[in-house]
Amino acid sequence: MQDKYHPATIESAAQKFWAEARSFEVTEDADRPKYYCLSMFPYPSGKLHMGHVRNYTIGDVISRMYRMRGYNVMQPMGWDAFGMPAENAAIQHNVPPAQWTYANIDYMRAQLKRLGFGIDWSRELATCAPDYYRWEQWLFTRLYAKGLIYKKAGTVNWDPVDETVLANEQVIDGRGWRSGALIEKREIPMYYMKITAYADELLAALDDLPGWPEQVKLMQKNWIGRSEGVEIHFPYDLETIGAAGVLKVFTTRADTLMGATYVAVAAEHPLALQAAQDNPALAAFIAECQHGSVAEADLAAMEKKGMDTGLRVVHPISGEFLPVWVANYVLMGYGEGAVMAVPAHDERDFAFAQGYGLPIVPVIAPGEWGQAVDTASSVFNDASAKLSAGAPILVGASATEALAWSHWQDVFAEHGKLVNSGKYDGLRSMEAVDAIATDLAAKGLGEKRVQYRLRDWGISRQRYWGCPIPMVHCDHCGDVPVPDAQLPVVLPENVEITGHGSPLARMPEFYDCTCPACGRPARRETDTMDTFVESSWYFLRYACANNAEAMLDARANHWAPVDQYVGGIEHAILHLLYSRFFTRAMRDEGLTEVSEPFTNLLTQGMVIADTYYRESGDGKKQWINPADVDVARDDKGRVTAATLRADGQPVVIGGTEKMSKSKNNGVDPQALVDQYGADTARFFIIFTSPPEQQLEWSDSGVEGAHRFLRRVWAFAHRFATEIRPALPAQRAATLPGALADVRRELHSHLKQANYDLGKHQFNTVASATMKMLNALEKAPADAPAAHAQLVEEGLAILLRVLAPITPHIAHALWREGGFGDDILDAGWPEVDEAALVQDEIELVLQINGKLRGSLTVAADAPREAIEKAALAHEAAVKFMDGKPARKVVVVPGRLVNVVC
RNA sequence: GCCCGGAUGGUGAAAUCGGUAGACACAAGAGACUUAAAAUCUCUCGGCCUUUGGCUGUGCGGGUUCGAUUCCCGCUCCGGGCACCA
């Protein structure tokens, strides 16, 4: 045995052992419970970054722990290989996206292998391979036939200079990131998946996911956004609109209907377009609304603007005319593209009404005013209460409860009692909704219904590096799905990427085709699918990745669902929701038996790092990697200045953000692995923070992790060479006092480690292994046989707890220590509860809640004895200062608090 | 703007059901060993004070409780998501 720890040698030897033994290649096994442990597959961006190392180390710790506990563990890996960065790289470096992607995959696969993850590489898949995406195309045609995929217009970011569609990420301050051109919204036809058909199921099933973090379930619940409300129809005013019809809106606050003072429609709404025809100012306003990104975050941050169309609709209850406004905050994609505005009870409407001088009519006395509202004498019942914006009105029941409606207060949005609402006065909000819905239904002008915030999933992308949408457009037959026999529609790999327009739309050799239905010349669809589609079913494909005949087979039902899914919290909504939907869509196609793809979810906190950039002349940001930057700090450690190492000139300090390719703040783990080895990198990233917590990257502390592994090696070496020979032929049943204490400490650390493993708090598991070594190192050796017996047991525990985190060193020392051939088959260590028993325990003594001392009592001491001992304690006498004890709180096993 | 999180020493963090705040480490300082350095080992290490003791301290302001890092109310700052980054 080497007396020094040489990670490079032992790590390559262990990896060779696993490869030759095929330790991680698994098949279905009826004798062992299956455990499917999956980490989110990476986008092959070039190199692994710390977020990957963290993600895959966490997944590997769980996998190896279950493996050691006797489960048949499948841990696969693959590549989320389609996506925008490959096209950007193609533009920048003039290398075809396919070539760039495959080269990255090769490099990153080698990095993953170097880190020693227990992956079944026989199941590896890449989503950009035709034998993967052909099944996606096949399923597309099935779902299309079923009506679960359909076509409608969608809004995109259009760059008029590059004549291309941009992702939201590529629009910065309303301009194209490459061209700098002002971005326009443009409506184009797109394919949509009807995820809303599953909205109720996706929502209800969240209640049956105890293995998911509450936080994620809450985010998904809010995202789906089920709301019960009333659809209200406002009949067109014939005089101004010139045609019969109704304007439909949905509201959850039908109780405020009598306070509606205008309606607002989206800029793309038919009424807005109609009014703009003979109103140049309105047309100009609508054109202005067309500028800027389609991202909701941008829209929500915009100043609320609007314009009167001059059109009017009729209030369905009062019969009064309400003006129709165009407002930039109303989105055509949501509901009906129109809202009723009740400025008195909605903050956004309130601000809008104040800005444009629209009437504000209070119709709800806020809930907290309760019974005190005297509607008879209230100004609510006075017609003059319809005040213009800005004019203060005093409302309320009592002299002490006066509110001015000139400034928004959150209480205005609360439910309460109706006032100023004619026949509905005095009703509570909920009663009023019922009454108003009933009256509207009787008039045929509305009814109760459920609405979701969730929108259908637009999957068309006007990009090259994605899965081609298997459709053909024929002048005679319309949109025709590509028949099974002609699948896959293969994406051509030798293509020129310029950043202008869609490459496939410039390739007649791709789009020229014949109609599968009538045989006449036709045009192939040139849009590709959203890359979220590939990642919505890869976890099922892993089970049968080598099946060339079908998308899934019986093996998928053996392995699914994923028992433990590990991935970044940033995927809490989109990826996870799409996957839950897609699994159900596949279930309903008879492809899988499961509905819920991921039984347990661990959302890893992101690894974040500082960002640095320089602005070039045209205002574009060049992001600079932190590794190339020198920083100056003040005495509190805050970064005050940063310079580029290459030229010594200053760079701009950006925020601290998740490591990403686009912000160039990823830290490559390779240097760490090269210098210290994979085990140190793994131990460090596990030790430094609990998995769910965000981790601000810093490599200070890596030394300590490495030092610990060196100590483990040195101690095991001492065991193998000096201590082991002293082992007694017969192991003793009990150990002498001091060694029994060490043994108790050991087993209590093991117990703690098991508890922490159960809640995935791996950082304290790593701490526990350090505490175990500390305890073993200080165990007295004056009784050599007993000492050797303790160290043998202790080391066997320590190495097995360490094995999931640092598998290479554990593998090597398990063999060197003579414990066995393969620690993977050694089983998980068991806590000896008998070793934990103590005769005496120490209690903390508090006087009036303050720590004043401690007392040692028998473990089974009765409460009276503890109280008596506490009151007799010297610290108690001193701090009670002669006062009688008013109360004595005894927390068994913990403390005594004397209150006086 | 909306939804979801987070904040504890110089640093990463721990504290299982409301019960000793700072386990385990990093950094720093002092010492031992050494010709020297590295490595290793030992000790100190939240702040303040009148230092065998006491006061104070878990982002800020309130509250509940014998007792609050933990529960409640109101803020601040930081991070994630917002449907075309993945």
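All chains are named by letter (A, B, ...) in the order of the sequence lines, taking the proteins before the strands, and each is independently numbered beginning at 1.
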Would you say A:R461 reaches B:rC85's phosphate, i.e. side-chain N/O to OP1/OP2 under 4.0 Å?
no

Interatomic distance at P, B:rC49 relative to B:rU42, whole Å
32 Å

Looking just at side-chain N and O atoms, do A:Q761 and A:Y755 make a donor-acceptor pair shorter than 3.5 Å?
no

Is the phosphate of B:rA23, meaning OP1 or OP2, less than 4.0 Å from a side-chain N or O of A:N774?
no

Salt bridge check: are A:K878 and A:E874 linked by an N-O gap of less than 4.0 Å?
no

For B:rA25, does either OP1 or OP2 sit under 4.0 Å from a side-chain N or O belonging to A:K771?
no

Just to be sure I understand the rule, does A:F879 reach a base, reach only the sugar-phosphate, or reach nothing, if contact means heavy atoms closer than 4.0 Å?
sugar-phosphate

As a check on the pairing definition, encode RNA chain B in dot-bracket form, counting Watson-Crick and G-U wobble pairs whose two distances are under 3.5 Å, and using | for partners outside this strand.
(((((((..(((......[....))).(((((.......))))).((((...))))..(((((..]....))))))))))))....

Rounded P spacing from B:rG9 to B:rA83 in Å:
36 Å

Hey, does the Lys NZ or Arg CZ of A:R852 hover above the aromatic six-ring of A:F879, less than 6.0 Å from the centre and inside 45° of the axis?
yes

So, does A:S689 get its side chain near the phosphate of B:rG12, meaning an N or O under 4.0 Å from OP1 or OP2?
no

Is any side-chain N or O of A:R348 closer than 4.0 Å to OP1 or OP2 of B:rC2?
no

Measure from NZ or CZ of A:K621 to the centre of the six-membered ring of A:Y613, then state whether that distance is under 6.0 Å and the direction lies within 45° of the axis.
yes

Please determine whether a side-chain nitrogen or oxygen atom of A:N848 lies at a distance below 4.0 Å from atom OP1 or OP2 of B:rG67.
no

Sidechain N-carboxylate O distance under 4.0 Å for A:D527, A:R461:
no

What is the nucleic acid contact for A:E303, judged by heavy atoms within less than 4.0 Å: base, sugar-phosphate only, or nothing?
nothing

If you compare every side-chain N and O of A:N168 against the phosphate oxygens of B:rC82 (OP1, OP2), does one of them come in below 4.0 Å?
no

Under 4.0 Å from OP1 or OP2 of B:rA14: is there any side-chain N or O of A:N763 that close?
yes

Between A:K771 and A:E745, does any NZ, NE, NH1 or NH2 come within less than 4.0 Å of an OD or OE carboxylate oxygen?
no

